[in-house]
Amino acid sequence: MPSTSAAVKGADAIWLASQGWRTTGLDVSIVALERARANGAKAGVGVEWLHAGLLDADLDPGSFQLVSAQYPALGRTADRAAERLLTSLVAPGGTLLFIHHDVSGSPHGHHGDFGGVVMPQHVLRVLDDGWTILTNQTRQRRVSGGAGPSTPGTSSCAPSGPAEKRGSSQLTA
């Protein structure tokens, strides 16, 4: 998924590929993709790197066993296009992992204004009864550098889709 940091180095996609997953990494930044591609080559793994935004990418619905969106920069729309597309990509029985900054309690918190950005609670709102919520939580995180201990936690949800079919591809930020 389009990401502010996760795809910059491709760590998630590279790790999944190293575990035997067929992996696709997507980012709007060509610089991020070039770094990720170089890191993947150094690790000796194959990842399909796509230079596109989520809404512009040519991705088949229901074709990914895992959709992992780590801090994605997805804009909210009235029709919830990004949320619906994210959930549509997950194969029945697959998992959507969506992680973002927890900015509750602060309209313009440490990371800025996220009022127009898709957050875990927005993804949860588009799920139908066929989904099972595996986790929906906020965790505090410890950061040794950068913003240090004042950095807020992360909020995540991991719903699992209906179990009728299984897919074999994965998409990660």
Side-chain angles (χ1 to χ4, degrees), residues 1-75 82-83 85-102 110-112 114 117-120 123 134-149 151-161 165-173:
M1 300 299 99
S3 172
T4 57
S5 63
V8 171
K9 297 180 182 175
D12 293 336
I14 292 166
W15 183 85
L16 287 167
S18 76
Q19 302 302 303
W21 294 59
R22 192 175 87 203
T23 308
T24 302
L26 173 72
D27 204 298
V28 296
S29 168
I30 193 66
V31 173
L33 288 175
E34 292 302 324
R35 288 178 183 158
R37 194 174 280 123
N39 288 334
K42 188 190 312 188
V45 298
V47 175
E48 179 183 6
W49 300 105
L50 299 179
H51 179 222
L54 174 64
L55 298 175
D56 300 321
D58 185 20
L59 302 169
D60 294 327
S63 61
F64 297 96
Q65 192 61 30
L66 171 64
V67 174
S68 176
Q70 310 291 317
Y71 309 97
L74 299 172
E83 298 96 306
L85 181 55
L86 275 172
T87 60
S88 78
L89 294 171
V90 180
T95 299
L96 168 61
L97 174 62
F98 191 95
I99 298 175
H100 221 299
H101 300 286
D102 176 24
H110 174 76
H111 293 284
F114 281 86
V117 176
V118 174
M119 301 298 271
V123 174
L134 302 174
T135 184
N136 179 21
Q137 62 185 323
T138 300
R139 292 184 181 179
Q140 292 300 312
R141 62 182 185 146
R142 304 270 182 235
V143 179
S144 60
T151 302
T154 58
S155 180
S156 66
C157 64
S160 179
K165 296 184 274 181
R166 295 281 175 187
S168 62
S169 299
Q170 295 72 39
L171 179 67
T172 185

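The basis for the numbers below is simple: all heavy atoms, side chains too, and nothing from hydrogens, waters or symmetry mates. The structure presented is a predicted model; accordingly, all values stated were derived computationally and were not measured.
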Would the distance check show the side chain of [X] and the main-chain N or O of [Y] forming a donor-acceptor pair, the cut-off being under 3.5 Å?
| X | Y | answer |
| --- | --- | --- |
| Ser63 | Leu59 | no |
| Thr23 | Trp21 | yes |
| Asn39 | Lys9 | yes |
| His100 | Pro120 | no |

Subject >> Residue list, side chain to side chain contact (heavy atoms under 4.5 Å, CB included) with Ala43, at least two apart or on another chain >> reply: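 Side chain to side chain contact (heavy atoms under 4.5 Å, CB included) list for Ala43, sorted by chain: Ile14, Val45.
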So, taking the atom named [atom1] in [X] and the one named [atom2] in [Y], what distance separates them when rounded to the nearest 0.5 Å?
| X | Y | atom1 | atom2 | result |
| --- | --- | --- | --- | --- |
| Glu83 | Leu74 | CD | CG | 8.0 Å |
| Leu16 | Gln65 | CG | CD | 12.0 Å |
| His51 | Ser29 | NE2 | OG | 6.5 Å |

Please report the shortest heavy-atom distance between [X] and [Y], naming the atom on each side.
| X | Y | answer |
| --- | --- | --- |
| Gly10 | Trp49 | CA-CH2, 3.8 Å |
| Ala17 | Gly46 | CB-O, 3.7 Å |
| Pro92 | Gly62 | CD-O, 4.5 Å |
| Leu26 | Ala52 | CD1-O, 3.1 Å |

**OP:** Could you walk me through whether Gln70 and Leu97 pass side chain to side chain contact (heavy atoms under 4.5 Å, CB included), step by step?
**Re:** CA-CA 8 Å; Gln70 310 291 317; Leu97 174 62; 3.5 Å; yes
**OP:** Would you sort out whether Leu86 and Phe98 count as a side chain to side chain contact (heavy atoms under 4.5 Å, CB included), showing the intermediate values?
**Re:** CA-CA 9 Å; Leu86 275 172; Phe98 191 95; 3.6 Å; yes
Subject >> Flag side-chain contact, heavy atom, 4.5 Å: Thr24 against Leu50 >> reply: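 Touching, per the 4.5 Å side-chain cut-off.
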**OP:** Kindly state each residue pair satisfying salt bridge (Lys or Arg N to Asp or Glu O under 4.0 Å) with at least one member in residues 41-64, sequence neighbours excluded.
**Re:**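 Sorted pair list comes back empty.
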**OP:** Take Thr87 and Leu96, measure what side chain to side chain contact (heavy atoms under 4.5 Å, CB included) needs, and give me the verdict at the end.
**Re:** CA-CA 7 Å; Thr87 60; Leu96 168 61; 4.0 Å; yes
Original post:
Yes or no on side chain to side chain contact (heavy atoms under 4.5 Å, CB included) for Val123 and Val118, after CA distance, side-chain angles and deciding distance?
Top reply: CA-CA 7 Å; Val123 174; Val118 174; 3.9 Å; yes
